[in-house]
Each structure stands twice: as C-alpha cells, then as structure tokens.
Amino acid sequence: MQQKVTVVGAGNVGATVAQRIVEKQLADVVLVDILQGVPQGKALDIMESAPVERFDARMIGSNSYEATGGSDLVVITAGIPRKPGMSRDDLVATNEGIVTDVVRKVLPGSPDAILIVVSNPLDAMCEVARRVSKLPRERVFGMAGVLDSARMRWFLADALQVSVENTHAFVLGGHGDTMVPLPRYSTVAGIPVTELLPKEKLDAIVKRTRDGGAEIVNYLKTSAWYAPASAVVEMVDAVLRDKKKILPCAVYLQGEYGMRDVYLGVPVKLGKGGAEQIIEIPLREDEKAALEKSANAVRELFKILKT
Ligand SMILES: NC(=O)c1ccc[n+]([C@@H]2O[C@H](COP(=O)([O-])OP(=O)(O)OC[C@H]3O[C@@H](n4cnc5c(N)ncnc54)[C@H](O)[C@@H]3O)[C@@H](O)[C@H]2O)c1
C-alpha cells in the first residue's frame, strides 16, 4: 500500500520536498498551505509532469486538512523564511504561532504520524511541535544536520576534486551560528579529512559550513530550498523505508551527550519508529564545550517560547 505524507507549507522548501517525494515514488503527498490556490496549483503542475518524469505517486494540494487524514509522516515547512540581516532567532514569535496552528490541525486526522519539523528557528520549532503534540520524542524531530553535513560534503568534494559520493561529514549541535562541524569525524573514502587537507583549508570549510545558510540568503534574499528539500527527503526515505539510517537530526535529548530537555543535532538512527536510537560518539573536551555552547543558545530560544 502506498504510504502517505503531508507537507505543510507549499512555499519553496515544501513544494520542492513534495515534488521530490512523488518523483522518487516514496509516497502519495498532500500539500497544504493557507494561500488560496497555491498548493492546488503547484500539486497540479507537478502531477502534469508525471507522464514525462514517469512517476505514479499522486499529489493533491489543499487549504484544509481534510485530505491529510491517515498520513504516515508530516513535514512542517510552514512559516516565514529568513530575510537578509535577520537571524533565525528573529523568526521565533511568528513561526511559533504558525507551527502551533499546524500541529493542532494536522494531528487529529493523523494521530500515528511522525512529525519532521523544518521551520526555523529549527530547534525551537521542534520544541513547539513536541509541546503542542505531546508526542514522544521518537516522533518529533527536525531537519538541519543532514543539510549542514551536505553543505560540508560539497565543500570537501570541491576542495579535493573528488566525487561527492566519497564524502562523509559530521555536523552536530543546533541549527545556527553555534553548530559544531567535526572534521575529525568527516571522511573521504574512509580517510579522515584531517589527513587530506591543511588546517587552514579545513578551518575555512568549517566556517563556510557554519555560514552556509547566510551565504545563500545573501545571494537570493531568501533562504535556500533545493538542498534543504533534498535533506528532508533523505530523512523521509529513511523513515518510510525503515532503513535504520544514521543521520544527524535535531532530537530531544534526555541525558545523551550529558544534556537534558533540549533539542540538539546529534546522530540518530531513523526507521519506521522515527528517531529510533540516539548514537553517542566520544567527544574531546573542546568539542563538548562547543556542543554545550550550542545547547545553551537553543535553551535561550526555549525561554522566549510562549507555548
Ligand atoms: N531546517 C532547515 O535547515 C531549513 C532550511 C531552509 C528553510 N527552513 C525554514 O523553512 C521554512 C519555510 O521556508 P521556505 O523558503 O519554504 O518559505 P516560503 O515562504 O517559501 O514558504 C512558507 C510557506 O508557509 C506557508 N504558511 C504560513 N503560515 C502557514 C500556516 N499557518 N499553515 C500552512 N502554511 C502556512 C506560507 O503561505 C508559505 O507558502 C522557513 O521557516 C525557513 O526558515 C529551514
């Protein structure tokens, strides 16, 4: 039986997520947005590409949640994106209201769904979704680390002129200026990148990864969507196909990495149960300190939540 995914927010990220899910035939998709005609029009346009792209998965667009019932997974991309000069944190007030509204409306029809949060500021919006839904942490997690790692992988592949497929990168922490890219756990064909690139080059790649979101915002005057959508779809695929794939996700820590009651990006095993297991890796003191700093930045955002 074809699985069902609801994507809320038919903007740049949401529509691209929806498009990639049906093109890969991972699930049927219901695309929801408050803008009249937009999810319907985008869904129809994408379905009209199906004969050429050759996929049989179906997508419909809607301004209501009726058609979303029985979804296996819900991707929440509703919200306003970052504008130039705006930090992710500035988004809190507006997007908290939007994410609350979405969770309240989508959950009654899909009580067994897994929620993947994309709206920024990511770690805080995950917490809003968790508080409003009251779901266990396995079923409410966020996309950030896959995107941050993909960016770092591209920078490594480009610097070393190797296939992106050979690269593996590790980025922990919150989805913000305090994220923690870990070069010593990042590899090319199994070789730690610390063996392959001089420190200055690696430092520059770490910095560019950390500023990766802002680099795109400066060009486009809005936030990225192609790579973010790819990252979401990798997580959707891992869950729907029960792959047990270890990916960095924003997950609610309960003692892991010495931290509690905070969403933070760490390696997580994704399968049909959602965030099935948190993988703990040994960290050096400086790495632990960087992760702690990142967690504190997330906790500061939690303090201003009204939920
Ligand atoms: N986690 C990440 O790594 C990551 C990456 C990129 C973007 N984002 C975030 O994802 C969100 C979406 O980005 P985008 O570029 O697609 O923005 P966008 O403006 O293109 O799309 C957002 C859509 O949400 C809709 N929306 C607003 N309120 C809604 C509601 N109550 N119910 C349903 N839909 C509603 C809007 O009408 C709009 O179509 C932003 O918050 C952005 O910061 C996160």
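Just so you know, residue 1 is the first one in the sequence shown, and it goes up from there. Model, not experiment: these values are computed from the prediction. Every heavy atom of this structure was used, including side-chain atoms; hydrogens, water molecules and symmetry mates were not.
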Which value, rounded to the nearest 0.5 Å, describes the distance between [X] atom [atom1] and [Y] atom [atom2]?
| X | Y | atom1 | atom2 | value |
| --- | --- | --- | --- | --- |
| Leu197 | Leu160 | CG | CG | 4.0 Å |
| Ile116 | Met235 | CD1 | CE | 4.5 Å |
| Lys42 | Leu31 | NZ | CG | 8.0 Å |
| Asn218 | Ile216 | CG | CD1 | 10.0 Å |
| His168 | Arg153 | NE2 | CZ | 7.5 Å |
| Glu287 | Tyr185 | CD | OH | 7.0 Å |

Would you indicate whether Lys24, at its atom NZ, is surrounded by more than 12 heavy atoms from other residues, nucleotides or ligands within a distance under 6.0 Å? no
Return yes when atom NZ of Lys207 has more than 12 non-hydrogen atoms of other residues, nucleotides or ligands closer than 6.0 Å, and no otherwise. no
Can you find a pair of side-chain heavy atoms, one from [X] and one from [Y], that are under 4.5 Å apart?
| X | Y | answer |
| --- | --- | --- |
| Val13 | Met143 | no |
| Val5 | Val17 | no |
| Arg151 | Glu215 | no |
| Pro248 | Leu172 | no |
| Gln25 | Asp56 | yes |
| Asp148 | Met152 | no |
| Arg284 | Arg184 | yes |
| Glu256 | Val266 | no |

Which atom pair, heavy atoms only, marks the closest approach of [X] to [Y]?
| X | Y | answer |
| --- | --- | --- |
| Asn12 | Thr16 | O-OG1, 2.6 Å |
| Ala157 | Val164 | CB-CG1, 3.7 Å |
| Pro183 | Val193 | O-CG2, 3.3 Å |
| Thr77 | Gly9 | OG1-O, 3.1 Å |
| Val92 | Pro121 | CG2-CG, 3.4 Å |
| Val117 | Ala129 | CG2-CB, 3.8 Å |

Backbone N/O of [Y] and side chain of [X]: donor-acceptor pair under 3.5 Å:
| X | Y | result |
| --- | --- | --- |
| Arg210 | Pro181 | no |
| Thr100 | Glu96 | yes |
| Asn166 | Ala189 | no |
| Glu276 | Lys272 | yes |
| Arg137 | Tyr252 | yes |
| Asp28 | Lys4 | no |
| Arg241 | Leu26 | no |
| Arg130 | Val140 | no |
| Asp123 | His175 | yes |
| Glu234 | Val146 | no |

Partners meeting side-chain contact (heavy atoms from CB on, under 4.5 Å) with Ala67 (sequence neighbours left out): Val30, Ile60
State which residues pass side-chain contact (heavy atoms from CB on, under 4.5 Å) with Pro198; sequence neighbours excluded, sorted by chain then number. Glu200, Lys201
Sequence neighbours excluded and cut-off under 3.5 Å, please list the side-chain donor-acceptor pairs for residues 103-115, or say none.
residue : atom : partner : partner atom : Å
Lys105  : NZ   : Asp101  : OD1          : 2.9
Lys105  : NZ   : Asp101  : OD2          : 3.4
Ser110  : OG   : Thr68   : O            : 3.1
Ser110  : OG   : Gly70   : N            : 3.3
Ser110  : OG   : Ser71   : N            : 3.0

Evaluate the side-chain contact (heavy atoms from CB on, under 4.5 Å) criterion for residues Tyr257 and Ile281: first the C-alpha distance (whole Å), next the side-chain angles of each, then the deciding distance (0.1 Å), finally the verdict. CA-CA 8 Å; Tyr257 291 92; Ile281 53 167; 3.4 Å; yes
Are Leu156 and Leu202 close enough, and set up right, to give a side-chain contact (heavy atoms from CB on, under 4.5 Å), and what steps lead you there? CA-CA 9 Å; Leu156 288 169; Leu202 267 178; 4.2 Å; yes
Step by step, would you call Glu127 with Arg131 a salt bridge (charged side-chain N to carboxylate O under 4.0 Å, His left out)? CA-CA 6 Å; Glu127 177 65 355; Arg131 288 182 189 174; 2.8 Å; yes
[X]: what forms a salt bridge (Lys or Arg N to Asp or Glu O under 4.0 Å) with it, not counting sequence neighbours?
| X | answer |
| --- | --- |
| Asp261 | none |
| Glu280 | none |
| Lys134 | none |

Show your reasoning for whether side-chain contact (heavy atoms from CB on, under 4.5 Å) applies to Leu305 and Leu301. CA-CA 7 Å; Leu305 294 179; Leu301 285 185; 6.0 Å; no
Between Tyr263 and Phe302, what is the ring plane arrangement, given parallel below 30°, perpendicular above 60°, and tilted in between? perpendicular
Same cluster or not: are [X] and [Y] linked, directly or through other Ile, Leu, Val, Met, Phe, Trp or Tyr residues, by side-chain heavy atoms under 4.5 angstrom apart?
| X | Y | result |
| --- | --- | --- |
| Ile304 | Met125 | yes |
| Ile278 | Ile246 | no |
| Trp225 | Leu35 | no |
| Leu253 | Ile279 | no |
| Ile34 | Val32 | no |

Full working for side-chain contact (heavy atoms from CB on, under 4.5 Å) between Asp72 and Val239: CA-CA 9 Å; Asp72 300 282; Val239 171; over 6 Å; no
